[in-house]
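Structure record follows, encoded as C-alpha cells.
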Amino acid sequence: MTDTAPPEVQPKKKGLTRRQKRSLSRGVQYAVFVAAVIAFAVSADWDRLQNQFAQADIAERMFPDVITLALKNTVLYTVTGFAVGLALGMVIALMRLSSVGPYRWLAGIYIEIFRGLPALLIFIFIGVAVPLAFPGTEIIGGTYGKVALALGLVAAAYMAETIRAGIQAVPKGQMEAARSLGFSPARAMISIIIPQAFRIILPPLTNELVLLFKDSSLVLFLGVTLEERELSKYGRDLASQTANSTPILVAGLCYLLVTIPLGFVVRRMEAKAQEAVK
C-alpha cells in the first residue's frame, strides 16, 4: 500500500469584482471628462470669445425686437408648417393603409421623395420653381403661406409614417369591436382608431415640432422683408451690421428657450407612455 501525497491546493487568485471594475471604469471616465473640460477652459481665449460673442450693449439693442418680431415669426412659421404637415401626413398615412393599390403607390412615392430630398431644395422649389411653372400664381398668405407649405411638405413625409405606425399599433380588436357595434369602417377609423393612435404617436410628433422649429431658418431662401425675418435671419443681419457675432448667440439662446421645454415635454410623455405599457 503506497501513500499518495494530497494534491496541492492552488491559492485563489485575487482580483477585482464586477462591481469594482464598473466603479473603476466609471471613475476613469469621469476623470477623462474633467481633464478634457479643464484643458478646454485653460486653452480657450475667453477674452476674444467675449469680445466676439458676448457684447452686452449689442445684445441689449436686440430687445424687444428679437422676441416680438423674430421669435414670433419663427413660432408662427413652425406652427403653420406643423398644421399643414399634420393634415397632409394624415391623408398620406391613410393612403398608405388603403386597400386601393394606386393610393398606396402614390403615398409611397411621395414619402420616399420628400424624405430623401433636403429641406433646402423644397424651399427653393417653392420659392423659385412654382412661380416659374405657374406665372402669376400667388400662394395664399405670401411668405407665411410659402413657409407653411414648404415645411408642411417636408414634415408630412415623416408624419405620415409616424401616423401609419401609430394606427397599426392599435389592436385590431378595436376595429372589430367598433364594426360589431354598427360603425362603418370610416367612422370607426375616425372615432376609435385615430384617437388611440395619436396617444401613441404624440411624443414623436412633438419631436417633429422641434425639428420644424429649427428648419424654419431656411425661410431666408424665399426672400423675406424686414418684418418677416425669423431668428436666424434676424441674427445674421445684425451680425453683419455690427461686425460681431453676439446677435447670432442671442438668436441661438432664443431657439433654446423653445426647444428645451419642448424636449422636456417629449421626455415626460415618453415616460408616461412607458408607464402605461407596464
Side-chain angles (χ1 to χ4, degrees), residues 15-75 77-78 115-124 151 154 158 203-204 206-222 224 226 229-271:
L16 297 176
T17 63
R18 289 184 180 179
R19 180 177 297 179
Q20 290 173 332
K21 289 180 180 179
R22 286 196 299 267
S23 299
L24 179 60
S25 175
R26 194 179 301 115
V28 171
Q29 293 176 31
Y30 285 143
V32 171
F33 174 75
V34 172
V37 171
I38 294 175
F40 172 77
V42 171
S43 61
D45 191 338
W46 295 105
D47 290 335
R48 294 183 64 182
L49 286 174
Q50 182 179 359
N51 291 334
Q52 185 64 26
F53 289 96
Q55 291 295 319
D57 57 332
I58 296 177
E60 290 176 1
R61 287 162 49 189
M62 298 179 65
F63 291 89
D65 288 347
V66 69
I67 301 296
T68 59
L69 176 67
L71 182 59
K72 181 201 72 174
N73 283 336
T74 301
V75 172
Y77 293 147
T78 303
R115 278 199 314 186
L117 289 176
L120 171 60
L121 295 183
I122 306 302
F123 273 80
I124 294 175
L151 288 176
V154 175
Y158 295 93
T206 308
N207 193 51
E208 183 63 31
L209 181 62
V210 175
L211 297 177
L212 284 182
F213 186 75
K214 294 183 292 184
D215 285 343
S216 64
S217 62
L218 297 173
V219 67
L220 66 94
F221 291 98
L222 296 177
V224 294
L226 293 177
R229 291 179 297 177
E230 42 70 52
L231 281 171
S232 293
K233 176 65 173 172
Y234 182 83
R236 279 193 294 268
D237 287 349
L238 286 184
S240 299
Q241 295 173 14
T242 60
N244 191 275
S245 300
T246 299
I248 296 177
L249 176 63
V250 174
L253 294 176
C254 290
Y255 276 104
L256 294 179
L257 287 177
V258 177
T259 57
I260 289 178
L262 281 177
F264 176 77
V265 170
V266 171
R267 289 191 296 272
R268 291 293 300 170
M269 289 190 297
E270 289 176 347

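Heads up: numbering here begins at 1 and tracks the sequence. These numbers come from the heavy atoms of this one structure, side chains and all, not from hydrogens, waters or symmetry mates.
Annotation: side chain of Ile67 is not in contact with side chain of Lys72 (no heavy-atom distance under 4.5 Å). Within the 4.5 Å cutoff, no side-chain heavy atoms of Thr68 are placed close to those of Phe63. Side-chain contact between Arg268 and Phe264: present, with at least one pair of heavy atoms (C-beta onward) separated by less than 4.5 Å. Contact check for Leu24 versus Lys21: no side-chain heavy atoms found under the 4.5 Å cut-off. Looking only at side-chain heavy atoms (C-beta outward), Ser23 and Gln20 stay at 4.5 Å or farther from each other. Between Tyr234 and Asn73 there is no side-chain heavy-atom pair separated by less than 4.5 Å. Val210 has its side chain out of reach of Leu212: every pair of non-hydrogen atoms, C-beta onward, lies at least 4.5 Å apart. Counting heavy atoms from C-beta on, the side chains of Val258 and Thr78 never come closer than 4.5 Å.
One distance of note links CG of Leu253 with CD1 of Ile248; it measures 12.0 Å at 0.5 Å rounding. Of the inter-residue distances, the one linking Leu151 atom CG with Tyr77 atom OH reads 10.0 Å to the nearest 0.5 angstrom. If you take CD on Glu230 and CG on Leu69, they are separated by 10.0 Å, rounding to the nearest 0.5 Å. Interatomic distance, CG of Asn207 versus OG1 of Thr259, reported as 11.0 Å (0.5 Å rounding). Note that the CG atom of Leu71 and the CG atom of Leu257 stand 7.5 Å from one another [nearest 0.5 Å]. To the nearest 0.5 Å, atoms CG (Asp65) and CZ (Arg229) are separated by 8.0 Å.
Shortest non-hydrogen contact noted between Asn244 and Asn51 is ND2-O, 2.7 Å. Minimum heavy-atom separation, Ala239 to Pro247: N-CG, 3.8 Å. The shortest heavy-atom contact between Ala54 and Thr246 is N-OG1, 3.3 Å. Lys233 approaches Val224 most closely through the heavy-atom pair CG-CG2, 4.2 Å. Of all non-hydrogen atoms in Leu218 and Ala119, the two that sit nearest each other are CD1-CB, 3.6 Å. Considering every non-hydrogen atom in both Gln50 and Gln55, the closest pair reads O-NE2, 3.5 Å.
Using a 4.0 Å cut-off between charged side-chain N and carboxylate O, Arg61 and Asp57 make no salt bridge.
Side-chain contact, Ser245 with Gln52: a donor N or O sits under 3.5 Å from an acceptor N or O. For the residue pair Tyr255/Ser217, the side-chain donor-acceptor check at 3.5 Å is not satisfied.
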**Request:** Take Leu262 and Phe213 through the side chain to side chain contact (heavy atoms under 4.5 Å, CB included) test and state the conclusion after the steps.
**Result:** CA-CA 10 Å; Leu262 281 177; Phe213 186 75; 5.6 Å; no

**Request:** Begin with the C-alpha distance, continue with both residues' side-chain angles, and end with the deciding distance and a verdict on side chain to side chain contact (heavy atoms under 4.5 Å, CB included) for Ser232 and Leu220.
**Result:** CA-CA 8 Å; Ser232 293; Leu220 66 94; 5.5 Å; no

**Asked** Would Arg19 and Arg22 satisfy side chain to side chain contact (heavy atoms under 4.5 Å, CB included), going step by step from the backbone distance to the final call?
**Response** CA-CA 5 Å; Arg19 180 177 297 179; Arg22 286 196 299 267; 4.1 Å; yes

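Formation of a donor-acceptor pair under 3.5 Å by the Thr206 side chain with backbone atoms of Val266 is not found in this model. Put simply, the side chain of Arg48 never gets that close to the backbone of Asp45: no donor and acceptor are under 3.5 Å apart.
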